[in-house]
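Worksheet: one structure, shown below.
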Amino acid sequence: MRDIDCVRRTNIRSLGAAMKVPKTTIHRLIKEGKIRPHSNALKPYLSEQAKKARLQFCLSMLEPNDDENQARKFKSMYNYVCIDEKWFYITKEVESYYLLPEGEEPHRTCKNKRFIPNVMFLAAIARPRFDADQNEEFSGWIGIFPFSKWPRSSAHETIFIQQDNAKLHIQPFDLQFVETATKDGFDIRFSNQPPSSLDMNVLDLGYFRAIQSLQHQEVPKTVDALVNAAEKSFEELLADSLNRVFVSLQACMVEVMKVHGVSNYKLPHNEKNQLIRSAMLPSQLECESGIVESALAHLQSLNQG
């Protein structure tokens, strides 16, 4: 099987033909765990400049440390706001259902499958905050409207609004934005994530998926119902869910530094649910000094090249 090209291993029939064995043999090997099914998603192509930007971004998220031999902690990111836009669709072109044996199959129609009714939302979230007894103080939910909520106790901090690199976004030093962002004692600044890096944004990393899952449970049939369902789903997500994604983002950045900026890595499972239940979920993961040194050395070689 190792000698068979992956393009001939996309389904059981093709794999069986390439191995010259019946399909039943492939089914048995899968059941025995000797062949592993795997879903493979396309990832954005990363230029050398994009890999460099990813490394720089990950390194910038580490707290300073004078001892080079000690592990470096990630910033807690409590003063970061992540924003992103997302298309939500009333339905999917292909939907799965669970039916009774004699149940009638659903009949769904649409004027054009390429133009399913949809609405674009701009979402803004921050990291949730909890007190010493793990009671929620701030859910992290800001909304899908213009930025308007923030814990007043932290208004003195510099607040970074992280956005992607879409050309339509305003520039970090836009005069109108700067004027608005410095009112009432606030210091709000834009921070761009690396290009082609959905894994560097909390919303794309997992939060949008959770919102969409809840939205599909509402089964909206009109655009107005879709808007209401998306807003309701956004509000119903638990702060613990959002907090887990922030920890996942830090774990992603460790893996990105290990592979020097490329996107071919697997996110380790660090049992976040169990840590939340035991009130031990860290706000800052650590990155080993050797990983940081290797990333810095690779970045220096790219700069010299």
Partners meeting salt bridge (charged side-chain N to carboxylate O under 4.0 Å, His left out) with Lys51 (sequence neighbours left out):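 Partners of Lys51 under the salt bridge (charged side-chain N to carboxylate O under 4.0 Å, His left out) test: Glu48.
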Transitive ILVMFWY cluster of Ile12, excluding itself - 4.5 Å side-chain cut-off: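 Grouped by the 4.5 Å side-chain rule, Met1, Ile4, Leu15, Met19, Val21, Ile26, Leu29, Ile30, Ile35 form the rest of the cluster around Ile12.
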More than 12 heavy atoms of other groups within 6.0 Å of Asn264 CG: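 Counting neighbours around CG of Asn264, 12 or fewer heavy atoms of other residues, nucleotides or ligands fall under 6.0 Å, so no.
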Enclosure of Glu293 CD (heavy-atom neighbours >12, cutoff 6.0 Å):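 Yes, enclosed.
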Interatomic spacing from CE in Met257 to NE2 in His298 - rounded to 0.5 Å: 13.5 Å
Approximate separation, where rounding is to 0.5 Å, of Lys258 NZ and Cys58 SG: 12.5 Å
Any side-chain to backbone donor/acceptor pair from [X] onto [Y]? Under 3.5 Å, distance only.
X	Y	answer
Asp5	Arg8	no
Asn201	Ser197	no
Lys73	Gln284	no
Glu288	Val254	no
Ser294	Val292	no
Arg72	Glu63	yes
Lys52	Gly261	no
Ser60	Phe57	yes
Arg54	Met200	no
Gln162	Ser191	no

Check against side chain to side chain donor-acceptor pair (under 3.5 Å), Thr158 and Asp187: CA-CA 5 Å; Thr158 299; Asp187 178 15; 2.9 Å; yes
Closest non-hydrogen atom pair, Phe138 against Ala126: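 In terms of heavy atoms, the two residues are closest at CE2-CB, 4.1 Å.
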Residue pair Gln250 / Ser283: nearest heavy atoms and the distance that separates them: NE2-O, 3.1 Å
Residue pair Cys287, Met253: steps toward the side chain to side chain contact (heavy atoms under 4.5 Å, CB included) verdict: CA-CA 9 Å; Cys287 184; Met253 290 191 279; over 6 Å; no
In one Ile/Leu/Val/Met/Phe/Trp/Tyr side-chain cluster, 4.5 Å: Leu249, Leu46: no
Connected via hydrophobic side-chain network under 4.5 Å: Phe246 and Leu285: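 Same hydrophobic cluster.
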Test side chain to side chain contact (heavy atoms under 4.5 Å, CB included) applied to Asp131 - qualifying residues, sequence neighbours left out: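 With neighbours one apart ignored, the set is Asp133, Asn135, Glu137.
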